[in-house]
Protein chains: 2
Amino acid sequence: MPSPPRPPRATAARKSAASKPALSRERVIEAALAEIDERGVAAFNLRNLAERLAVYPTAVYWHVPNKTAILAEVVAVVFRDVAPQQRKNDDWRSYLRRLFQRYRESARRHPNVAPLVAAHLVGNLRIDFDFVEGVLAALSAAGLAGARLVAGYNAVVAALIGFVIQEFSPLPEADTEQWQSAVQQRLLGVDPAAHPVLAANLPLLANKAFILRWQNGSEAPLDDSYASFVEQVLAGLESLRE
Amino acid sequence: MPSPPRPPRATAARKSAASKPALSRERVIEAALAEIDERGVAAFNLRNLAERLAVYPTAVYWHVPNKTAILAEVVAVVFRDVAPQQRKNDDWRSYLRRLFQRYRESARRHPNVAPLVAAHLVGNLRIDFDFVEGVLAALSAAGLAGARLVAGYNAVVAALIGFVIQEFSPLPEADTEQWQSAVQQRLLGVDPAAHPVLAANLPLLANKAFILRWQNGSEAPLDDSYASFVEQVLAGLESLRE
DNA sequence: ACCTGAACACCGTTCAAGT
DNA sequence: ACCTGAACACCGTTCAAGT
């Protein structure tokens, strides 16, 4: 759009109540999340963000250091409160089941954020101690300690993000129509001699298995697979308890 | 750098042997991988790539449609041939163990590519049928069929990428020094009342558990955790065989 | 067919100036 | 303290022109 940056609305009203600031860190993050929900991470930029907030692009920099920080905060907001409440008489299994379900629910509400999830948990300065403690407490209650506790914890975190990133990350945005049918064509062209198991199970796998999908988790959720996945993770942890 | 684009070297020599083209799709991808290995995905751009290839930036577009395609090809190269050879008398467990090890090895050789892994397997037009068939054949040999086959397959793929992305994705690049000590400070400040299990196991977890690290997998590999993780995945699959 | 070279639109960020 | 407004460096991509 070649139009000049839109001036802030309510220029007069803004100064009414003791010059209350128009922007805040929270409003910036919130608007950023809305932008990402609508247009995706790839298309997210500070000028659109500023337009949504009805300020000049550079105003944002008063409240936030840079774009990277905004993205980090956005993910933090999306996964705020994923850690379930510890309930009395709640065994470790049901705690972890609830954690897995809540994590996926958070992602489902903001699927476009999924690509940022990996970068999020990797080196985040604002470590979510409640999340970490929740997992550790559950595993500890399961009887894991020492190296096994570490191994169990890493497995849980890896499992949490692995499925969800895959399931919800946006598929190629451009000419989706054409891309979708291209994938389907590719699948129909499988050579049963070279790839027998795949060929034999094609109807079962098509659009329901990673790599072999043409819709992502928002349109074609993998509920059954995820439910099974969670039970597999629990069984895996079970096997760790010697 | 304010210097003008560097002209191609060997301008004369290039035309000697029947005007052999200086560039090729393979050389572009190869150079792109080298760039990413050295500078990371975030800093990767077409002008540096062109400089490495000693051509003008726009020359690349003759061999490749756009930047996204380059990145997709780079990941494809890194994970080319991850699927292990099927061996005679090779049970499904050892096949999957080899697959997990090879996958991680590929990532370890090019850790900066890790952030692209998710986007890779999500909707890739050039589906790696050998990879898919390898996993399916192993699970099929394990006795899984129908919905369980799908669930097992999705679990394996999720597990493969979840750990590796986490382990190798680059930590915040800027002022790493300061960031590292900041993380360590945060950890030392854990409140044992609020987060008892974490506090009690701090030395065990520090720099060895996801989220609680200040070095990534290239500097501080999580070998033991990964070995355990693979066994947990296998145990999870085992539990699927009713 | 393959590369040069100019050019464009876009974007993150800095900084001085306003109020 | 908080926002405007100009400005800069950088970057992906298009396209006409060369050979």
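Residue numbering restarts at 1 for every chain, and letters A, B, ... go by the order of the sequence lines. Basis for what follows: all heavy atoms, side chains included, without hydrogens, waters or symmetry-related copies. From a predicted model like this one, the values you see are computed outputs, not experimental measurements.
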>> If you assign each of B:Arg47 and B:Leu23 to its closest nucleotide in DNA chain C, which residue comes earlier from the 5' end?
In response: B:Leu23

> Does A:Tyr153 have any ring pair (Phe, Tyr, Trp, His ring centres under 6.0 Å) partners at least two apart in sequence or in another chain, and if so, which?
Replying inline: none

> Roughly how many Å is it from CD in A:Glu51 to C1' in C:dG12, rounded to a whole number?
Replying inline: 17 Å

> Nearest-Å distance, CZ (A:Arg27) to C1' (D:dC2)?
Replying inline: 14 Å

>> Looking at B:Asp130 and B:Pro84, would you say the former's side chain and the latter's main chain have a donor-acceptor pair under 3.5 Å?
In response: no

> Between A:Tyr56 (OH) and C:dC15 (C1'), how many Å, whole number?
Replying inline: 17 Å

> Could you give the CG-to-P distance, from B:Leu49 to D:dG12, as a whole number of Å?
Replying inline: 10 Å

>> Please report the distance, rounded to the nearest Å, between CH2 in B:Trp62 and C1' in D:dA17.
In response: 14 Å

> When you check the phosphate oxygens OP1 and OP2 of D:dC3, does a side-chain N or O of A:His63 lie under 4.0 Å from one of them?
Replying inline: yes

>> Please check this pair: side chain of A:Asn66 against backbone of A:Tyr61, looking for a donor-acceptor N/O pair closer than 3.5 Å.
In response: no

>> Nearest to the side chain of B:Tyr61, heavy atoms from C-beta on, is which of D:dT14, C:dC15, C:dG12?
In response: D:dT14

> Expressed in angstrom and rounded to an integer, what is the separation of A:Arg25 atom CZ from D:dC2 atom C1'?
Replying inline: 16 Å

> Over how many whole Å does the gap from A:Lys67 atom NZ to C:dC10 atom C1' extend?
Replying inline: 11 Å

>> Distance to the ring centre below 6.0 angstrom and angle to the axis at most 45 degrees; does that hold for B:Arg104 and B:Tyr226?
In response: yes

>> Checking side-chain polar atoms at under 3.5 Å, does B:Asn207 have a donor or acceptor matched by the opposite partner on B:Gln215?
In response: yes

> Which stems, defined as runs of 3 or more consecutive Watson-Crick or G-U wobble pairs with both pairing distances under 3.5 Å, involve DNA chain C?
Replying inline: C:4-8 with D:12-16, C:12-16 with D:4-8

> Atom CG of B:Asn48 to atom C1' of D:dC11: distance rounded to whole Å?
Replying inline: 10 Å

> So, does B:Glu73 use its side chain to make a donor-acceptor pair with the main chain of B:Ile29 at under 3.5 Å?
Replying inline: no

> For DNA chain D, whose closest nucleotide is more 5', that of A:Thr58 or that of B:Leu46?
Replying inline: A:Thr58

>> Whether B:Asn45 contacts D:dC11 is assessed here as follows: a side-chain N or O lying under 4.0 Å from the phosphate OP1 or OP2. Is that the case?
In response: yes

> Can any side-chain N or O of B:Lys208 pair as donor or acceptor with the backbone N or O of B:Arg213 at less than 3.5 Å?
Replying inline: no

